[in-house]
**Student:** 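Okay, here's the structure, questions in a sec.
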2 protein chains.
Amino acid sequence: MYEGAVQDLIDELGRLPGVGPKSAQRIAFHILATDADDVSRLARALTEVKAKVRFCEVCGNVSEQERCRICADPRRSSAVLCVVEEPKDVVVIERTREFAGRYHVLGGAINPIDGVGPDDLRIRELMTRLADGEIEEVIIATDPNIEGEATATYLTRMMRGMGIAVSRLASGLPVGGDLEYADEVTLGRAFEGRRRVEV
Amino acid sequence: MYEGAVQDLIDELGRLPGVGPKSAQRIAFHILATDADDVSRLARALTEVKAKVRFCEVCGNVSEQERCRICADPRRSSAVLCVVEEPKDVVVIERTREFAGRYHVLGGAINPIDGVGPDDLRIRELMTRLADGEIEEVIIATDPNIEGEATATYLTRMMRGMGIAVSRLASGLPVGGDLEYADEVTLGRAFEGRRRVEV
């Protein structure tokens with residue numbers, strides 16, 4: 001145990017995800033050795049993010065305005081909607097520059113073990129968006145794990161009969177990977193989703 | 001890239017030791033989902049630690065007073081001094097409850113590659129403390145690695161002829177460990193430092 005303020009900081013840091021007691025201690029001593037200006041910049045970034053950032057009223061992505069940059073951008077297609085679990089997924093997809101439509105952020109995935117059901121996600125908001133008929137295609141880009149798959153199945157069922165083209169991101173071998181290191185589920189999916197090559 | 005405040009926070013968090021871009025992002029989203037009160041408590045802990053914590057004028061340990069709790073405690077023996085690299089080493093040794101003397105925190109170890117020489121450590125302050133004759137024994141508890149050993153050797157040479165009993169913490173097999181998993185250097189030290197058993 002350290003004296004007051006040092007221990008307080010270690011305790012607070014230790015509450016952050018992925019920061020164990022050893023890391024919290026290392027960060028605390030780093031803070032002690034860091035310029036006071038740099039530390040107050042970090043402290044300010046923490047409070048600013050809480051004060052400024054909210055969620056886009058349309059898609060649920062993080063935003064500093066009522067509508068996020070993507071929802072406010074008239075060049076993005078309103079006909080194609082990509083449904084993701086978290087704001088970070090939007091960033092990852094944007095980086096590919098492959099998608100020119102809009103997003104819908106669910107805020108998680110269905111996970112009965114953690115007590116997350118459909119009502120805890122922004123599924124009702126999704127249905128409202130789909131109801132006005134402007135969206136022609138929905139790409140479900142939830143994570144390729146049990147929770148993501150369950151969420152995708154649930155969403156697919158909800159959209160049945162709405163006349164919307166629904167697709168799911170392809171599963172398969174990661175590009176640049178090695179067949180030897182692929183797990184059997186991924187390899188199974190790669191077989192399942194094999195593409196005919198023109199010969 | 002995220003919008004303003006979120007990206008600012010990710011950038012600031014990414015400067016912390018052991019926090020990579022992925023962790024910084026995860027922590028930032030955790031902060032977004034955390035109660036504003038909890039976040040301001042973390043922000044306050046950061047600024048408080050810089051405002052309140054200084055280094056003990058005697059031993060160099062972290063302290064909120066001019067003298068740390070250990071230096072200010074009259075029950076601790078002034079005859080035995082334990083020399084460590086960092087404040088966190090004091091905490092580790094205190095936890096053993098084996099040591100009732102005082103400490104001297106060097107603030108690191110001699111490391112020519114990183115440009116840390118004897119003058120960058122609190123060695124002059126150590127010599128001043130030893131000069132007044134009250135300290136009879138010095139236990140060097142620097143890390144059992146190259147830098148710690150180099151520092152221990154340097155300190156031993158500095159204290160030669162001062163009539164002080166100097167010792168170094170024992171190296172050997174960790175208690176509860178398995179001989180099979182011991183590295184050869186540790187095992188070699190364990191042989192070297194073997195103790196006669198009464199038969």
Side-chain angles (χ1 to χ4, degrees), chain A residues 1-13 15-20 22-56 61-65 68-69 86-88 90-91 94-95 107-108, chain B residues 1-13 15-20 22-56 61-65 68-70 86-88 90-91 94-95 107:
Chain A
M1 287 289 287
Y2 294 89
E3 292 187 36
V6 179
Q7 191 60 44
D8 287 350
L9 179 59
I10 293 174
D11 291 344
E12 292 297 334
L13 290 168
R15 290 199 182 94
L16 298 174
V19 179
K22 290 261 175 201
S23 306
Q25 185 180 288
R26 195 169 63 238
I27 295 173
F29 278 103
H30 171 87
I31 297 287
L32 276 173
T34 301
D35 219 57
D37 286 352
D38 292 346
V39 176
S40 50
R41 221 176 41 241
L42 170 58
R44 212 176 321 119
L46 283 163
T47 45
E48 291 264 293
V49 91
K50 290 304 289 183
K52 281 190 185 168
V53 178
R54 46 173 130 185
F55 294 93
C56 170
N61 193 5
V62 289
S63 173
E64 293 185 19
Q65 268 72 49
C68 74
R69 280 192 297 201
E86 305 283 357
K88 62 175 185 285
V90 173
V91 176
E94 284 297 286
R95 229 177 265 148
Chain B
M1 286 290 289
Y2 294 91
E3 292 187 38
V6 179
Q7 191 60 44
D8 286 351
L9 179 59
I10 293 174
D11 291 345
E12 292 297 334
L13 290 168
R15 290 200 181 95
L16 298 174
V19 179
K22 289 259 175 204
S23 306
Q25 186 180 287
R26 196 169 62 238
I27 295 173
F29 279 103
H30 171 88
I31 296 287
L32 275 173
T34 301
D35 219 57
D37 286 352
D38 291 346
V39 176
S40 50
R41 221 175 40 241
L42 170 58
R44 212 176 322 120
L46 283 163
T47 45
E48 292 262 293
V49 90
K50 290 303 289 183
K52 281 190 184 167
V53 177
R54 44 174 132 186
F55 294 93
C56 169
N61 194 4
V62 289
S63 172
E64 293 187 19
Q65 269 71 48
C68 75
R69 279 192 298 204
I70 296 168
E86 304 285 355
K88 62 175 187 285
V90 172
V91 177
E94 284 297 286
R95 229 177 264 148

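A, B, ... follow the sequence lines: proteins, then strands. Residue 1 opens every chain.
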**Student:** Based on non-hydrogen pairs under 4.5 Å, which of A/Lys52, A/Gln65, A/Glu48, A/Arg26 is most in contact with chain B?
**Tutor:**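 Going by pairs under 4.5 Å, I would pick A/Arg26.
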**Student:** Out of A/Thr47, A/Val19, A/Asn61, A/Leu32, return the one with the most heavy atom pairs under 4.5 angstrom to chain B.
**Tutor:**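 Heavy-atom pair counts peak at A/Leu32.
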**Student:** Using non-hydrogen atoms only, which part of A/Lys88 is less than 4.5 Å away from chain B: side chain, backbone, both, or neither?
**Tutor:**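 The answer is both parts of A/Lys88.
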**Student:** Taking A/Val49 as the fixed residue, which of B/Ile10, B/Val39, B/Asp8, B/Ile31 is the one that meets the side chain to side chain contact (heavy atoms under 4.5 Å, CB included) rule?
**Tutor:**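 By the side chain to side chain contact (heavy atoms under 4.5 Å, CB included) criterion, A/Val49 pairs with just one of B/Ile10, B/Val39, B/Asp8, B/Ile31: B/Ile31.
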**Student:** Would you mind checking which part of A/Val90 comes under 4.5 Å of any heavy atom in chain B, side chain (CB onward), backbone (N, CA, C, O), both or neither?
**Tutor:**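 Answer is neither: A/Val90 stays 4.5 Å or more from chain B.
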**Student:** Taking every heavy-atom pair that is under 4.5 Å apart, which of B/Ser63, B/Ser23, B/Ser40, B/Cys68 has the most such pairs with chain A?
**Tutor:**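 Result: the option with the highest number of such pairs is B/Ser63.
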**Student:** Below 4.5 Å from any heavy atom of chain B, which atoms of A/Glu64 appear? Answer side chain, backbone, both or neither.
**Tutor:**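 It is both, since atoms from each part get that close.
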**Student:** So, do A/Val53 and B/Leu9 sit near enough that their side-chain heavy atoms are less than 4.5 Å apart?
**Tutor:**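 A/Val53 does not reach B/Leu9 side chain to side chain.
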**Student:** Just give me the residue among A/Ala28, A/Gly4, A/Ala33 that pairs up with chain B most often, heavy atom to heavy atom, under 4.5 Å.
**Tutor:**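 Highest number of pairs under 4.5 Å: A/Gly4.
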**Student:** Just how far is it from atom CG of A/Asp38 to atom CZ of B/Arg15, taken to the nearest 0.5 Å?
**Tutor:**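 A/Asp38 CG to B/Arg15 CZ: 7.5 Å, rounded to 0.5 Å.
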**Student:** Does B/Lys50 use its side chain to pair, donor to acceptor, with the backbone of A/Asp37 at less than 3.5 Å?
**Tutor:**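 Answer holds: no.
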